[in-house]
Every structure is written in C-alpha cells, then in structure tokens.
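Below: one structure, written as structure tokens.
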Amino acid sequence: MDDFIQEWNEQEKALEAINDKLALLPDLPGCYLMKNKEGTIIYVGKAKVLKNRVRSYFRGSHDGKTQRLVTEIRDFEYIVTASNMEALILECNLIKKHMPRYNVLLKDDKTFPYIKITNEEHPRLEVTRRILKDKAKYFGPYPNGYAAHQTKKLLDRMYPLRKCNVMPKEVCLYYHMGQCMAPCVQEVPRTSYDEISQEITRFLSGGHEEIKKELRRKMEEAAEDLYFERAKELRDQIINIDALMEKQKISMADSRDRDVFGFAVDKGWMCVQILYMRQGKMIERHASIFPFYGDAYSDFLSFVTQYYSDNPALPQEILLPGMEESEEREEREQQTDGEPGEGESTAAAADNDVPSVNEAKPLFLSAEALAAKISEEDAAGGELSSTEPAESAEEPDADDKTGAEGADLMSSDRAASGLTDAVGGAASLQQWLGIKVYVPQRGLKRQMVLMGVENARVALNEKFRLIERNEERTSKASESLGNWIGLSSLRRIEAFDNSNIQGANPVSAMVVFTDGKPDKKEYRKYKVRTVQGPDDYETMREVIRRRYERVLKENLPLPDLIVVDGGKGQISAAIDVLENELGLFVPVGGLVKDTKHKTAQLMIGDPAEPVNLPRDSQEFYLLQRIQDEVHRFAISFHREQRGKSMVTSRLDSIPGIGEKRRKALLRHFGSLKKIKEASIEDFRPLSIGDKLARQIIAALRDEEESVTP
C-alpha cells in the first residue's frame, strides 16, 4: 500500500511538472520524446504544431493502448524543426536510435532481395538483402529470392562482369564461355565496365524490350554470316528474357513503377499493405502487422518513412491513402458502386473514370485492368503532378492534388476531413525522397489505394480469426486431453525438464500451460543443489520437492496435471515426493521420446501406463508443444549457466572484479585473450587503476600457465 501511495505521489508531481512544460510549448513543427520514470524514451512522435499535438496526450480520453502509453509518461522533451519534412526525417532517425517500445518499429525493412552492381575496381553482380551506403547501384526490391537470383543468372549470361568473389590467378571457365572479361590476367578499361553498367541499369529499369530488339538484330546478323552457334546463344537469351519477364509479370504498356500503400487498424493493431506495381503490373504484395499506440495515420507515415530510409531502389510513384475517412463515405461508395459523392459533380466523376450507377462496375478492378486504364489516362492527360511548383508546365490532375499548390486548391470540406494532414505528409515525403507522392481522392489511382486498404483490412481480420481459432482449438485440446486421462477438468499443466552435460551445471526448468496456452509469467528456473553427477531421478525429486513446498507454503494454485520429461522412473520419483513427503495427490504424466528425440507417447498413473492418443490429434500436438517448450526453456537456462561458469573461473575469481566490471571488461576488449594481452594503460578508460589492472593481467596469465601441459 505504501508503494502504491508513493508511486501515486510521484505521478502527481510528474504531472504537475508536465503541465508547466505544456504551457511553454511553441506553435512550431518538430518532434517530441516521451519518457518514463526511469528516463527511458518510450515514444517518439512528430507534429506540425507541437503545442496542439503534445497537449492532446494529456487532455480528453484515449483508447486502451494509448492510455497505457500515457500512464507511463513522466516527462517529455521536444525538438523544433524548420519544416514538416525535417520533422519526418528526425522522427525516423530518433526511432532508429532509441528503439522506443511504443513506436512502430520496422523490423523487416531489409527482408527483400535486391540486385547490386558493386562499386569496385572490377565490379560484379550479386543478390543482397543488406542495403549499404557504399556507392553501389541497387535494383529492386524483388518479390522473392528466386526472382532475384533468376534475374541475376540471366544478366550473368548476357554481360561479362567478374563472377569470382576472390580474384583467381588464372582464367576460369566463365572466360572461355564468354561471360567474363578476365580482369585477373588482362587489363579491362573502365569504359567497358561503365557501358555494361549502363546496359544493366537500362535493362533493370524497364528497357528490356530495346535490349531484346538489339539481341534479335545481332542474332539475324550472326545467322546471315553463318555463325549459327552464336545465333543460337542470342536466341536463347531472348527466350530467357521473355520467360523471366512473363514470370514476374512486368511487361505492359504502362511503364510506371509504383508502390501502393494501404493500411487498416483494429483492436490496437495496424496492418500496412504494400502493392508493388512494376512496369504497370502487380508483381507482389507485402503485409506487415504490428501493435500501435499513437495516432494511426502518424504511425502509418512513420512506417513509410522508415521503409524508405534505407531503400535506395525507389519507384517512380508512391500512392498513399488519406487519413481515416468517415464510414458513411465508404459505405456510400460501396452502395452506389462509384456514384459521385457529396461535393463531386457528375462531370468530375466522368472525367475521373468513376463508374456510374447504371454501369454497375465493381469498386475494385484487377491490377492489370487498373494499370491498363491508368496507362490510357496518363497518355490522354499527360503526367500527373503532385507537389511540383505551380509554374510547372505540367498541369496537375484534379484527382491527385497534393503538396502546397494542391492544399491551396483543396475545397473546405476536404480540408475539414483531415486530408490536409495527409497532403502535408505526402508533400514532406516527396520533398525528402525526390519522387512523386500522391494522395488520390478519385479515379483509378484512388481504386488502387482502396485495393491496398481492402487487402490490409482482410489481412488484419484474418489474423484475429486465426487467433480466435487457435484459442478455441487449444482450449478444446486441453479439455479433450483431460477426458483421455480421466480428469473432469484440465486447465493448468505444469511441466518439468532437467538439463546437464555429464553432471556439469545441472539445472531444471518448469513451464506452465493454461487452457492449452503457455503462461510465461509462471515459468520457473532451478539450479540443482543437492544432486552430484548425472542422476535424473534424484534431480526430479529435488525440483518437485522445492516447487510444491513453495506452492504449499505460499498457497499458490495447484496444477491439474504435472508432466515430467521421461518414463516410469521419473514418474515414480515425482509421485513419491508428492504423496509420501508432501501429501499431495496430483496426477503425474511422463512424456516418452523416441529414438529421434521426438515425443512418442504419454504415460500416466502408478504404475505408469501409456495413453493411446492418436498421433495426428490436437491433444498429441499439445503435448508436443509442451515438451518442446520445456526442453527449450531448460536448455536455454543450462547454456546461460554454462557460459557464466566459463567466465567466472577466469574473471570473477579476481578480487575487485564483480559482475559490472566483468561485463565492462568484456564489452571493451571483446575477449579474455585481448584482456590478457592488454597493457596497463588500456584499462584506464574503464576507471580501473594500475594496481587492479596488473592483478587482472597476472591472474589471466598465471591461469594459462597452470593449464598448459
């Protein structure tokens, strides 16, 4: 109770200090950093007006997840920026630096494969998932590793760049096949590499049709000159190009490369869907699902910013959804199937290819149909500008207005709906990335965005349905397992496993499953105290005794079933301790493994008898999960203890070296070998005096001499 009162008083003092700081917030754009009571940054956000945005956290009501964030805030800092774009970039950098627990963290931003032309004296092609600032050329992202490797394989046949990672001393087979210029034995002018690099860039940027024409011309010339083998090689290259482009579906009249974003939120979770349109056709889509705690659209823009912060292979256009629009408008669009909405004239709808009621076209067209229509639209109306200066020669289309001039021409009803915030985010992204960013409001690009939003909504709903299905399946499996072993109720299962290597560092672990699901807060670890050597039965006795003595002493809940890793011996040892020493009568089962160390059967009772569970049943699958989980937990603990013991014998035995100094030494030097080889001066940055430094070096060297035969 005293702790609660103390925490309450601290929170009141922190809130009073926060209120004083809120009154001093400026009416300027910038970033804010929320801190908890330890001073750790737990959330980073950006705002066009810092005063309004930061105040909103401490005024009014919030949903459950945001409220959880607010209750942990004890202080905040802010950084003023000159523009929204600077705030966007600063937020991205701060998130990457501090990794706040309540921010959207893009953990899979490097999962996509790229093709890279290395920046070396003799460049080569490689497939990579790591984006480095090494002045190399990157192309992608590719939908999967297979597509990237197939493309690289084709390019390796067509262009004679270096294939070897390490330069050989003599020419290899690639030179004799005409696929390498042999820089290992002869001088290759830089101009040759530049020409090849330009050709590959042109090919990967959509110029494969021109390259095909050039190859076809060379093939015909070779055939006329009776060089039939060369003509066949060129023909095979053309066939390979056609096959590759067909597989990736990127050969269409519309030559635009687009990334189309959509997002959906529900129950505190967000799904961001990215549709990759390359050369006018969709080649892949990617979904990321994660919890979010702040403003939905702000966190969505944060995700997009992080996604492009390390991505050198940018598309020509990015399509973003607007801020969350009213449900009435979405329902009206679906009900009228494209009828002009409020504030839109019929003529405007016709100009933007929005279907009328009589046409009864579906809201979502196929990717191919959308690409074809956009190609026609672009050809008819010219390039669609988004945030170019007003004096640009190209006139922006009405359905894709974004940026400064788009905001000036925006009608008041759209501004009121919050679209201006989306426009500001798009304008900042465009200014930073240097490519066109659209927030389409009507027309075909709007339909593409809605396709992304719909895919995100479906993916999010599917996640929740799978969770519900798994919960129902696991709870039913637990209940059914109880029926198999004769228990009227089976909700809580406690499972044990022992781990040691020839008796060294013996440990044991316990995991808890409630209603078929792991309850990790209830997991426990045990260092074996009394057992000498690899005695599994006595280890089981000690751990069972220690666990259930505490259960009785602290009046903790008893399990409905105890599961041990092993057969009749382990079961008998556990039952003996429970019944004869502690007076507890809890069913004990043992999980027996086969020769491949996999769960084979469940044994229960005294004497233990096997339970004939079907191997393909959910009950058997639940037992497998329990055994795998307790084994994983025990092994992890054993490795941790073994690692500590290996270090303890060297450093912790030295007077004056505790855990903190041991960690600091290993972090600073990297290994025990480097500590031993260090000089006295090398220890001074760690605030370790010369006397202690000499003791450390002497102790490590003496130990090495004592173990040397």
*So, for Cys92 and Ser309, which heavy atoms are closest and what is the spacing to 0.1 Å?*
SG-CB, 3.7 Å

*If every non-hydrogen atom of Gly605 is compared with every non-hydrogen atom of Ile575, which pair is closest and at what distance?*
O-CD1, 3.9 Å

*Taking side-chain hydrogen bond (donor to acceptor under 3.5 Å, both in side chains) as the test, write out the residues that go with Asn580, two or more places apart.*
Asp576

*Does a side-chain heavy-atom distance below 4.5 Å link Leu552 with Leu584?*
yes

*Main-chain N/O of Val507 paired to Ser499 side chain as donor or acceptor, under 3.5 Å*: no

*Under-4.0 Å salt bridge between Arg550 and Glu554*: yes

_Taking every non-hydrogen atom, the tightest pair across Ala287 and Gln273_ = CB-NE2, 3.5 Å

*With side chain to side chain contact (heavy atoms under 4.5 Å, CB included) as the test, would you mind laying out the steps for Ile696 and Leu665 before giving the verdict?*
CA-CA 10 Å; Ile696 295 170; Leu665 283 165; 4.1 Å; yes

*With under 30° as parallel and over 60° as perpendicular, where do the rings of Phe300 and Phe263 fit, or are they tilted in between?*
parallel

*Check: Arg53/Ser56 side-chain N/O donor and acceptor closer than 3.5 Å*: yes

*May I ask you to check whether Tyr102 and Glu72 show a side-chain donor-acceptor distance below 3.5 Å?*
yes

*Is the Phe292-Phe303 ring centre distance short of 6.0 angstrom?*
no

*Tell me, do Ile73 and Phe58 make a side-chain contact under 4.5 Å, heavy atoms counted?*
yes

*To the nearest 0.5 Å, what is the distance between CG (Asp565) and CE (Met540)?*
7.0 Å

*Between Met510 and Arg547, does a side chain to side chain contact (heavy atoms under 4.5 Å, CB included) hold up when you go through it step by step?*
CA-CA 9 Å; Met510 181 196 77; Arg547 166 62 184 169; 3.4 Å; yes

_With a 3.5 Å distance limit and no angle check, can you tell me whether Asn19 reaches the backbone of Glu16 through a side-chain donor-acceptor pair?_
no

*Can you say whether the rings of Tyr307 and Phe261 are parallel (under 30°), tilted (30 to 60°) or perpendicular (over 60°)?*
perpendicular

*Is Asp515 paired with Arg491 through a side-chain N to carboxylate O contact shorter than 4.0 Å?*
yes

_Under 6.0 Å between ring centres: does that hold for Tyr523 and Phe633?_
yes

*Can we say Glu454 and Arg457 salt-bridge, meaning some charged N sits less than 4.0 Å from an Asp/Glu carboxylate O?*
yes

*asked:* Tyr78 vs Val54, test: side chain to side chain contact (heavy atoms under 4.5 Å, CB included). Steps then yes/no.
replied: CA-CA 9 Å; Tyr78 61 88; Val54 178; 5.8 Å; no

_Give me each pair satisfying side chain to side chain donor-acceptor pair (under 3.5 Å) with a member in residues 687-696, each pair once, sequence neighbours excluded._
Arg684-Asp690

_Salt bridge flag under 4.0 Å for residues Lys21 and Asp75_ = yes

*Hey, does Gln570 have a side-chain heavy atom less than 4.5 Å from the side chain of Met603?*
no

*For Pro614, does its backbone N or O pair with a side-chain atom of Ser617 as donor and acceptor, under 3.5 Å?*
yes

*Taking atom types as modelled, find out whether Asp536 and Thr539 have a side-chain donor-acceptor pair closer than 3.5 angstrom.*
no

*Donor-acceptor pair, Glu542 side chain versus Arg529 backbone, under 3.5 Å?*
yes

*Ignoring hydrogens and angles, tell me if any N or O in the side chain of Thr40 forms a donor-acceptor pair with the backbone of Asn36 under 3.5 Å.*
no

*So Tyr43 and Phe76, side chain to side chain contact (heavy atoms under 4.5 Å, CB included) or not? Walk me through it.*
CA-CA 9 Å; Tyr43 187 76; Phe76 69 86; over 6 Å; no

*Could you tell me whether the side chain of Leu487 reaches within less than 4.5 Å of the side chain of Pro587, counting heavy atoms only?*
yes

*Can you tell which of His631, Gln627, Arg632 makes a side-chain hydrogen bond (donor to acceptor under 3.5 Å, both in side chains) with Asp497?*
His631

